[in-house]
Amino acid sequence: MRPLTEEETRALFEKLAKYIGENIQLLVDRPDGSYCFRLHKDRVYYVSERILKVATSIPGDKLVALGTCFGKFTKTQKFRLHVTALDYLAPYAKGFGVAAKSTQDCRKVDPMAIVVFHQADVGEYVRHEETLT
């Protein structure tokens, strides 16, 4: 478990900024304590500094995980978010979804058409399983 390098931090923050903008600071300086990002086996973990201090007594090869996994770095050093980060990103998100239609199509559709799919709502499929077509 080690701190992120400058390049890794930049890649992580650029990805997070796409979803939560300037609210990245709110993830680090929380009212319930300070949190940080740490790298362990190409995975980025979001962990409380209090827990991090306790975990320093565990050898790195024995440590499986610590905190919440936010994502991982690929072999080409691109950062990919994991679904486990959604609970922490959703409250600060500017708009968490993927466009279902192009801009031109959005101007012509009826008001009840689906324009954006919600990615942050993990349980949507389970709740509406019987009505999905």
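- The distance from the OH atom of Tyr35 to the CD1 atom of Ile51 is 6.5 Å, given to the nearest 0.5 Å.
- Between Cys36 and Glu49, the shortest heavy-atom contact is SG-CG, 4.0 Å.
- Looking at heavy atoms from C-beta onward, Leu52 lies in side-chain contact with Arg38 at the 4.5 angstrom threshold.
- A salt bridge links Arg10 to Glu14: at least one charged side-chain nitrogen sits closer than 4.0 Å to a carboxylate oxygen.
- The distance from atom OG1 of Thr68 to atom CZ of Arg43, rounded to the nearest 0.5 Å, is 13.5 Å.
- Taking each heavy atom of Thr74 and Arg80 in turn, the nearest pair found is CG2-CG, 3.7 Å.
- Atom-to-atom distance recorded for Glu6:CD and Leu4:CG is 10.0 Å, nearest 0.5 angstrom.
- Around atom CD of Glu7, no more than 12 heavy atoms belonging to other residues, nucleotides or ligands sit under 6.0 Å away.
- Counting heavy atoms from C-beta outward, Arg30 and Tyr88 have side chains that approach closer than 4.5 Å.
- Two residues are said to be in side-chain contact when any heavy atoms from C-beta on lie closer than 4.5 Å; Leu16 and Leu81 meet this criterion.
- Separating the CD1 atom in Ile20 from the CD atom in Gln25 is a distance of 10.5 Å, to the nearest 0.5 Å.
- In this structure a side-chain-to-backbone donor-acceptor pair under 3.5 Å is missing from His40 to Tyr45.
- No chain of hydrophobic side-chain contacts below 4.5 Å, direct or via other Ile, Leu, Val, Met, Phe, Trp or Tyr residues, connects Phe13 to Val47.
- Within the 4.5 Å cutoff, side-chain heavy atoms of Leu89 are placed close to those of Leu27.
- Between Ile24 and Tyr92, the closest side-chain pair of non-hydrogen atoms is not below 4.5 Å.
- In this structure, OG on Ser57 lies 14.0 Å from NZ on Lys62, to the nearest 0.5 angstrom.
- The hydrophobic cluster containing Leu66 does not contain Phe70, counting ILVMFWY residues as joined when their side-chain heavy atoms lie under 4.5 angstrom apart, directly or transitively.
- By the rule that hydrophobic residues join a cluster once side-chain heavy atoms approach within less than 4.5 Å of another member, Leu12 and Leu26 end up as members of one cluster.
- With hydrogens and angles disregarded, a donor-acceptor distance shorter than 3.5 Å links the side chain of Thr84 to the backbone of Cys69.
- Clustering ILVMFWY residues whenever any of their side-chain heavy atoms sit less than 4.5 angstrom apart, transitively, puts Phe79 in a cluster other than the one holding Met1.
- The closest side-chain heavy-atom distance from Val44 to Glu8 is not below 4.5 Å.
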